[in-house]
Number of protein chains: 2
Amino acid sequence: MIKNNAASMISKIRDAANQVIVTELHKHGVDNIVPSHGDILTFLYQQDGLSVKELAHKIRRKQPTVTVLVDKLVKLGYVQRTKMEEDTRVTRVMLTEKGRQLEPVFREVSDKLNKTLYGGLDNTEQEQLEALLDRILRSF
Amino acid sequence: MIKNNAASMISKIRDAANQVIVTELHKHGVDNIVPSHGDILTFLYQQDGLSVKELAHKIRRKQPTVTVLVDKLVKLGYVQRTKMEEDTRVTRVMLTEKGRQLEPVFREVSDKLNKTLYGGLDNTEQEQLEALLDRILRSF
DNA sequence: TCTATATACATAGACATCTATGTATCATAG
DNA sequence: CTATGATACATAGATGTCTATGTATATAGA
């Protein structure tokens with residue numbers, strides 16, 4: 001019997017996942033960070049020196065939002081801004097040593113979250129889940 | 001092949017769903033309303049006169065957040081506050097006539113959203129989706 | 001009855017996020 | 001080469017959400 005409550009459940013899972021992220025980071029001594037900050041750092045671990053615009057696209061937030069998020073990461077000492085010499089309009093966001101040191105923490109938090117999300121499902125169900133979510137996402 | 005991107009996809013779907021809600025409400029001439037306001041009205045359609053505390057629990061927001069959300073709904077003329085006579089600490093939130101007139105709009109928006117979420121899935125897949133989401137939710 | 005604790009809501013301040021706009025730099029047409 | 005439009009980022013103001021705290025009312029114990 002279909003309950004048509006997927007929207008509600010997805011919203012609840014999103015909130016719960018964000019709370020896991022914040023709580024786990026806190027356990028590792030990382031505070032004053034929201035998931036969006038984590039998203040930025042995670043993309044920088046994959047490719048350091050991304051521009052504000054590129055980061056905005058990747059984390060799906062507007063550019064002014066990213067400017068503010070980066071302000072905070074700078075203040076916390078995790079990243080620094082440098083200008084691109086070919087085009088000084090562009091700001092590269094670069095990890096600091098302190099920022100790089102957080103990489104294993106983010107890996108652990110990510111693993112912990114995925115264990116919660118996927119842990120109760122067998123392989124077939126995990127594939128079903130991803131396939132269904134992917135199809136829903138494409139329907140928007 | 002599992003991609004471990006359920007968290008990301010769920011977050012994207014949540015954002016997209018919220019955007020559908022805001023956009024559809026706008027098409028029906030309802031503006032300055034966010035999904036949380038809609039959640040409050042939806043619960044009031046089921047049971048009018050809920051208290052601030054009850055609403056906070058139902059929409060999974062903190063009590064001060066609900067106070068502010070209700071402030072706005074009052075300002076927009078959709079609800080009004082009344083005190084409970086048995087316990088004057090308690091504020092009942094009651095729909096106004098203008099608020100009740102929105103009920104069919106919310107029903108349409110909800111239908112539209114569910115069509116987007118469920119429309120590309122057959123019956124079996126819809127049941128799979130809800131079952132998987134439900135199990136994930138319980139694992140938190 | 002009077003005082004202490006609990007409860008319900010409101011208020012204040014912080015912060016993430018948005019839209020709108022400003023500022024500086026780049027590219028290009030004349 | 002200069003002026004005009006485009007682009008990248010920052011700033012300002014609004015709003016939803018949170019935590020911390022205040023205020024008023026209810027309840028319970030002395």
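FYI, side chains are in, hydrogens and waters are out, and symmetry mates aren't considered; it's all heavy atoms of this structure. Per chain, numbering begins at 1; letters A, B, ... match sequence-line order.
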Got a donor-acceptor contact below 3.5 angstrom from the A:T42 side chain to the A:G38 backbone? yes
Under the 3.5 Å rule, do the base of D:dA10 and the side chain of A:Q63 count as making a donor-acceptor pair? yes
Bracket notation of DNA chain D in which parentheses pair within the strand, [ ] cross earlier pairs, and | pairs with another strand (Watson-Crick or G-U, under 3.5 Å): ||||||||||||||||||||||||||||||
Below 4.0 angstrom from OP1 or OP2 of C:dT17, is there any side-chain N or O of A:K62? no
Residue B:K83 excluded, over 12 heavy atoms near NZ under 6.0 Å: yes
Residue met sooner reading DNA chain C from 5', once A:N32 and A:M84 are mapped to nucleotides: A:N32
Taking atom CZ of A:R100 as the centre, report whether more than 12 heavy atoms of other residues, nucleotides or ligands fall under 6.0 Å from it. yes
Apply the hydrophobic cluster definition, ILVMFWY joined by side-chain contacts under 4.5 Å directly or through others, and give me every member besides B:M84. B:V90
Could you check which of C:dA20, C:dA16, C:dT17 has an atom nearest any side-chain atom of A:K72? C:dA16
With respect to the phosphate group of D:dC18, does any side-chain polar atom (N or O) of B:T65 fall under 4.0 Å of OP1 or OP2? yes
Let me spell it out: for each of A:R61 and B:V66, pick the nucleotide of DNA chain C with the closest heavy atom. Which residue's pick is nearer the 5' end? B:V66
Looking only at side-chain N and O atoms, does A:S36 come under 4.0 Å of OP1 or OP2 in C:dA16? no
Kindly say whether B:R81 contributes a backbone atom to a donor-acceptor pair with the side chain of B:R92 at under 3.5 angstrom? no
Heavy atoms under 4.0 Å is the rule here; annotate nucleotides 23-28 of chain D 5' to 3' with B where the base is hit, S where only the sugar-phosphate is, and - elsewhere. --BS--
